[in-house]
Amino acid sequence: MVHIDPAFVGAGQTIGLEIWRVKNFEVQPVDKSQYGNFYSGDSYIVLNSKPRKEWDVHFWLGKETTQDEMGTAAIKTVELDDALGGGPVQYREVQDHESALFLSYFKNGIKYLQGGYETGFAHVEDYYANWKPRLFHCKGKRNVRCSQVNCKREELNTGDVFILDLGLDIYVWMPPESGRLERIKGMEQAKSMRDKERAGRPTIHVLDADWKNCYDFWKYLGGKENGVGDIKHATAAGADENYWHNHREQATLWKVSDATGKMVVSKLSQGNLTMEMLDSKDAFMLDAVNGGLYVWVGRDCTADERKKAMVWAQRYLEQQGRPKWSQVVRVLEGAEPDDFTQWFSTWSGDKKKSSFHPKLYQCSDESGKLIIEEISNYTQEDLDGDDVMILDAGAIVYVWVGISANKGEKDAARSRAEKYLSTDTIPRPKGAAVETVFQSEESPTFKKFFPSWNEALFKNQQRSAENMRKLLFS
């Protein structure tokens, strides 16, 4: 008899997100007002329900979560999987290293809070009277994460946005070196805190031109009388151009067996993968290196083998000396996502041959080091006029050049895209080429890769930090 946690009864029947947090070997639903908030000491299960009875389920592990909670999250994810008929694609997410898909669910960014479950409810009875100031560091060019840090002056830097949370007053500190998107995301996060978490009660204070001079901000962070000369500059963060497909030529397919009681993996192929290599009676691992680790489970595998998929993945990562936070995805035969099937030169059967799944990347070197971030579930609004974007559409790799991209980004854009194409081994049509597109001069072919296109979006600085401030707080 399969055990399914009562908390999962009725789950997955409505399109959208449902989130549970692990407590004492059980799961409890998270209130929607708290969606996007994650405690570093906890583990969570996030279910995204899509049309046509398709689901993605993620179990999220805080960097300070206990082994017991990690194990419970994995077990409960399997129970949720059973409750949905065994069809979901399953993802393991680790704090600070979440997939672009996971981050795409939270359009205002995600917020990491210190502590765990009990910490989050310690002040319920008297929510504001004994409020302790909290400082959040908002970091990231596109996928902005707001991490709680010590409420001390030493945490600040002049290149990033910070949020000082005083309960009924929320300060968004935007020093001059901070980026436009970080400013917008910081303001959106503050608005979400006010409206979703606290029923609109707090007052939001946006500090940009007056970033040096607000007494009510500085009195919590060392005092204005100390000046700002000791505030450090931001350190460059991100990846170099090898981010995209570093060592993708090493993508390998492995067969998994534990018939002897010990997991044994045997290499089947390195590159040139075909669907025919997979067998319904067995499980396989596709190691796509920077593209993640996939565990494919055949339909004739036992329920026990299906449950072991994530355990096998963890053991494999340990054997290979890979980081513990490496992305892991479990897929079932007949329900493979495009991100999996794109690695195979042939794919047919239960699913029609997948069309290439376009990917959008943002590229910036404003900090002196190239920063590249993938944007999942992208829209036209994700095209950032301050930078260069790469849209991989399969037969064509587009280089979209924003009107305000700096000279270095413009000069290097095409060469980066050509390197991306030359080092990639995902099967794609012969003659695939690079095409440069300039903001406001996009071709109809380029536009068709977006869900919708608004010709007015790039006019009149609609996405400037100043205009977004007016739209958010007017």
Side-chain angles (χ1 to χ4, degrees), residues 31-40 106-115 119-140 144-228 230-231 234 465-474:
D31 189 85
K32 289 185 183 297
S33 67
Q34 298 297 312
Y35 282 14
N37 293 346
F38 295 91
Y39 284 87
S40 296
F106 308 100
K107 294 302 183 184
N108 294 329
I110 60 177
K111 189 157 85 262
Y112 300 139
L113 297 103
Q114 295 174 349
T119 304
F121 289 88
H123 52 265
V124 170
E125 293 182 1
D126 196 0
Y127 198 60
Y128 299 111
N130 299 308
W131 189 275
K132 293 183 179 180
R134 301 189 296 189
L135 185 66
F136 294 92
H137 180 192
C138 302
K139 186 68 177 173
V144 177
R145 297 168 168 88
C146 293
S147 302
Q148 186 178 355
V149 295
N150 294 327
C151 194
K152 295 181 179 179
R153 180 188 190 90
E154 292 76 19
E155 297 285 355
L156 300 174
N157 70 71
T158 59
D160 295 324
V161 171
F162 289 78
I163 296 175
L164 177 62
D165 179 9
L166 302 179
L168 291 175
D169 285 285
I170 300 172
Y171 291 84
V172 186
W173 188 70
M174 307 192 303
E177 296 173 24
S178 59
R180 179 181 65 86
L181 285 175
E182 285 177 338
R183 293 182 178 208
I184 292 172
K185 291 291 186 179
M187 290 188 289
E188 289 176 341
Q189 183 66 252
K191 186 175 187 295
S192 177
M193 292 165 67
R194 181 192 69 184
D195 297 344
K196 295 182 179 180
E197 297 178 23
R198 303 174 199 173
R201 293 184 62 186
T203 300
I204 294 176
H205 311 268
V206 178
L207 309 180
D208 44 15
D210 54 346
W211 69 282
K212 292 182 180 181
N213 304 316
C214 180
Y215 172 79
D216 288 334
F217 174 84
W218 286 108
K219 72 180 181 182
Y220 292 95
L221 293 158
K224 176 181 177 296
E225 63 274 9
N226 294 328
V228 296
D230 63 326
I231 304 300
E466 295 78 10
N467 194 50
M468 290 302 295
R469 177 177 178 175
K470 294 177 183 177
L471 293 174
L472 289 169
F473 303 119
S474 59

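Not measured: the values here are computed from a predicted model. The figures that follow rest on heavy atoms only: side chains count, while hydrogens, waters and symmetry mates do not.
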| query | What's the shortest heavy-atom distance between Asp169 and Pro202, and which atoms? | reply | N-CB, 4.4 Å
| said: Can you give me the closest heavy-atom contact between Asn150 and Leu135, atom names plus distance? | reply: O-CD2, 3.7 Å
| Charged N to carboxylate O below 4.0 Å: is that the case for Arg198 and Asp165? | yes
| query | Under 30°, 30 to 60°, or over 60°: which ring-plane class applies to Phe162 and His137, parallel, tilted or perpendicular? | reply | parallel
| Quick one: does Lys111's side chain get under 4.5 Å of Ile163's, heavy atoms only? | no
| message | Angle between ring planes, Tyr171 versus His205, binned at 30° and 60°: parallel, tilted or perpendicular? | response | parallel
| field | Verdict with supporting geometry, Asp210 and Asn213, side-chain hydrogen bond (donor to acceptor under 3.5 Å, both in side chains) | value | CA-CA 5 Å; Asp210 54 346; Asn213 304 316; over 6 Å; no
| Side-chain donor or acceptor of Gln148 paired with backbone N/O of Gln114 under 3.5 Å | yes
| query | Shortest non-hydrogen contact from Thr158 to Glu177? | reply | O-CB, 2.9 Å
| query | For atom NZ of Lys107, is the number of surrounding heavy atoms from other residues, nucleotides or ligands below 6.0 Å larger than 12? | reply | yes
| note | Nearest heavy-atom approach of Asn37 to Glu197 is ND2-OE2, 2.8 Å
| field | Verdict with supporting geometry, Arg153 and Ile231, side-chain contact (heavy atoms from CB on, under 4.5 Å) | value | CA-CA 8 Å; Arg153 180 188 190 90; Ile231 304 300; 3.9 Å; yes
